[in-house]
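For the numbers below, each heavy atom of this structure counts, side chains included, while hydrogens, waters and symmetry mates do not. Owing to the predicted nature of the structure, the values given are computational and were not obtained by experimental measurement.
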Amino acid sequence: MSAPPLLHLQQLDASYGPIQVLFSVQLEVQPGEIVALIGPNGAGKSTVIKSIIGLVRVLRGQIRLAGREITGMATHHAPLHGIGYVPQGRILFARMTVRENLEMGAFLQQDPRERRRLVEEVLDQFPQLAARAQVLAGHLSGGEQQMLAIGRSLMMRPKLLMLDEPSLGLSPKYVDQIFAQLLVLRDQGHTLLMVEQNAARALEIADRGYVLELGRNRFADRASALLENEAVRRLYLGGV
Amino acid sequence: MRYSDLGIGALLLFFSLLAPGFLNNYQLSFLLQVLMMVTLAQSWNLISGMTGYISFGHGVFFGVGAYTGALLLMGGAFWWVAILSAALLAAALALPLGLLTLRLRGPYFAIAMLGLNEVGRILANLWVDLTGGGDGIALSPLLSPVLATNYFSMLALAVLATLGMGWILRSRFGLELRAIREDEEAAEMLGIDTIRNKLIAFTASALLPGAAGAIYAFYTSFIDPSSVFLPALNVQMIVVVLLGGRGTLWGPVLGAVLLMSVQELTWAEFPALHLALLGLLMILLVLYLPDGLLGAWKRIGSRYG
């Protein structure tokens, strides 16, 4: 592989105020793959994503996107760099409709015709949302809200889509739907980095996985290999 | 602005321009105070109604403006220079304040503003050399502009405030502010520079109370710390906006007319009770009419319309 990875974290240290959370974390995401970041509570999984988009302070190390350094960028520049982010808890504009939420997703797109086109494109991709385009986001079910959050993050055609706990608080039926949707996105050529508590499910759809423990890299391998790995199974997958 | 908004505005402006011709001094004074409340409420509406960052001490800019205007007028400045300077000084104070408090989310801004009004009052009391302390400043009638001039200045401010609000509500800037109110984190992720937007809104929102304070000082010819750093004034502008409808164009205007009228009628009879009534009104509004009268009107309209 000669081209640089789409996302490359090198020796990343990050902290919340005085408390250091990440220690020399390494991570790579290649174009077109799904990478799952798993590990127990408090391992710093979400912190990795948050430090990429500037919500957490990076102490040392480098973050590169397609070879270009973006360490410590301002959060509102993330869409300009081509990073889409679906935060934990699906932060939506609850008092706006589904369509309006999608429009807000293309906030930086100045041309209203282009913005409408993008909305239609995303609605085509999520028929469930299309049926409820005029409904207030706050009135959607949890699964639909997650769909909308993903749809909104796709509005700026991101090069990299980052998802923080996409299955959190969803019924099993919706978890299936969301994960199926993520696979569809990958097959369309999207690149995904996902933090997931539900490690087994995440590794089933991922190409590669990283296991984090107490803010440090513990394992990194192809997802199928991690699923087979005795130690990973015992410690993180609740397996036997 | 929509045509209906322009129509309402033109009608109100027409009446206000002719008012000095047929109102007596008492009535004109009352109207001046209504216009002052419209100005203050629109400025509060800009920062708190639009972004959701609640300012409990916007009156501090009014107080700073009142002292700046009075002192400059005594120093020999033209009255309009004094008004402009008051506005600019208030904004110049808001900028560093916003830099300190608006970078943080949550209640910090509200708490800082709550304290700031008191700091202003105490400073005005203690800085005797400049402000005359508790004795206040009496402006000679020879220096102050006449009532009609003050009236028209205040009218100009209220019109400016409302036009500015109308423009902001339709602009991309207004959309960004409302996105911050609905969910700041989401707004940030979608590419909105939330800190810059909050700072601009806050600094701009200090201009008008500054100018209004100066005109108020000319109008009453006497100011002291407790009359211009008045805690009740902070409460009044909040109640006016909540009553009319926050984040709307005409809410602050409607709220100002209603509240000032009710106050004028009850003030003389129950001077002590009147503050308690304001507090009660605020609680009732938050609980039962969170979108104010205009919001309720719209809801009823969409149900039966």
Side-chain angles (χ1 to χ4, degrees), chain A residues 17 46 49-50 52-56 73-97 100-112 115 118 134 136-138 145 148-158 160-164, chain B residues 48-54 98-100 102-106 108 168-201 242 245-248 251 286 289-292 294-296 298-299 301-303 305:
Chain A
S46 295
I49 283 194
K50 285 181 181 167
I52 294 168
I53 59 164
L55 282 172
V56 172
M73 72 168 172
T75 305
H76 63 268
H77 288 152
L80 290 176
H81 284 289
I83 298 180
Y85 172 50
V86 181
Q88 194 171 332
R90 334 175 257 280
I91 300 175
L92 297 166
F93 296 107
R95 289 189 290 177
M96 291 184 180
T97 65
E100 286 166 338
N101 266 278
L102 290 177
E103 282 172 4
M104 289 301 290
F107 190 79
L108 295 176
Q109 173 57 254
Q110 302 273 358
D111 179 6
R115 202 179 314 144
L118 286 166
Q134 301 307 328
L136 293 184
Q145 289 189 5
L148 179 54
I150 294 172
R152 187 181 64 183
S153 70
L154 290 172
M155 285 291 292
M156 286 300 281
R157 300 177 186 278
L160 171 69
L161 185 58
M162 301 198 296
L163 304 107
D164 195 350
Chain B
S48 302
M50 294 293 288
T51 72
Y53 275 74
I54 304 300
L99 273 172
L100 284 173
L102 287 172
R103 302 181 78 84
L104 304 165
R105 291 175 196 168
Y108 301 99
I168 286 168
L169 277 169
R170 305 257 312 165
S171 71
R172 201 174 163 78
F173 177 57
L175 183 61
E176 296 185 12
L177 294 183
R178 270 176 294 176
I180 292 173
R181 181 181 73 196
E182 294 303 317
D183 198 300
E184 190 161 352
E185 219 170 291
E188 181 86 8
M189 282 161 359
L190 301 178
I192 296 172
D193 188 342
T194 56
I195 291 173
R196 196 187 61 130
N197 277 309
K198 285 185 287 182
L199 261 182
I200 293 174
L242 293 183
R246 74 193 172 113
T248 65
V286 169
L289 268 187
D291 296 324
L294 285 185
K298 230 183 241 170
R299 263 207 311 278
S302 64
R303 193 170 301 163

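A distance of 8.5 Å separates CG in A:Leu55 from CE in B:Met189, rounded to the nearest 0.5 Å. Rounded to the nearest 0.5 Å, atoms CZ (A:Arg95) and CD (B:Glu182) are 4.0 Å apart. Atom-to-atom distance recorded for A:Ile53:CD1 and B:Glu188:CD is 9.0 Å, nearest 0.5 angstrom.
The two residues A:Phe93 and B:Ala186 make their nearest non-hydrogen contact at CZ-CB, 3.8 Å.
Proximity to chain B at a heavy-atom threshold of 4.5 Å picks out A:Met104, A:Gly105, A:Phe107, A:Leu108, A:Gln110 from residues 101-110 of chain A, in numerical order. Interface residues of residues 73-83 of chain A toward chain B, defined by a heavy-atom distance below 4.5 Å and sorted by number: A:Thr75, A:His76, A:Pro79.
A 6.0 Å sphere centred on CZ of B:Arg103 holds no more than 12 heavy atoms belonging to other residues, nucleotides or ligands.
A:Ala94 pairs by the side-chain contact (heavy atoms from CB on, under 4.5 Å) definition with nothing, not counting sequence neighbours. In this structure B:Tyr108 satisfies the side-chain contact (heavy atoms from CB on, under 4.5 Å) test together with B:Leu104, sequence neighbours excluded.
Of the listed residues B:Asp183, B:Leu175, B:Leu190, the one with more heavy-atom pairs under 4.5 angstrom with chain A than any other is B:Leu190.
Using a 4.5 Å cut-off between heavy atoms, B:Arg196 makes no contact with chain A at all.
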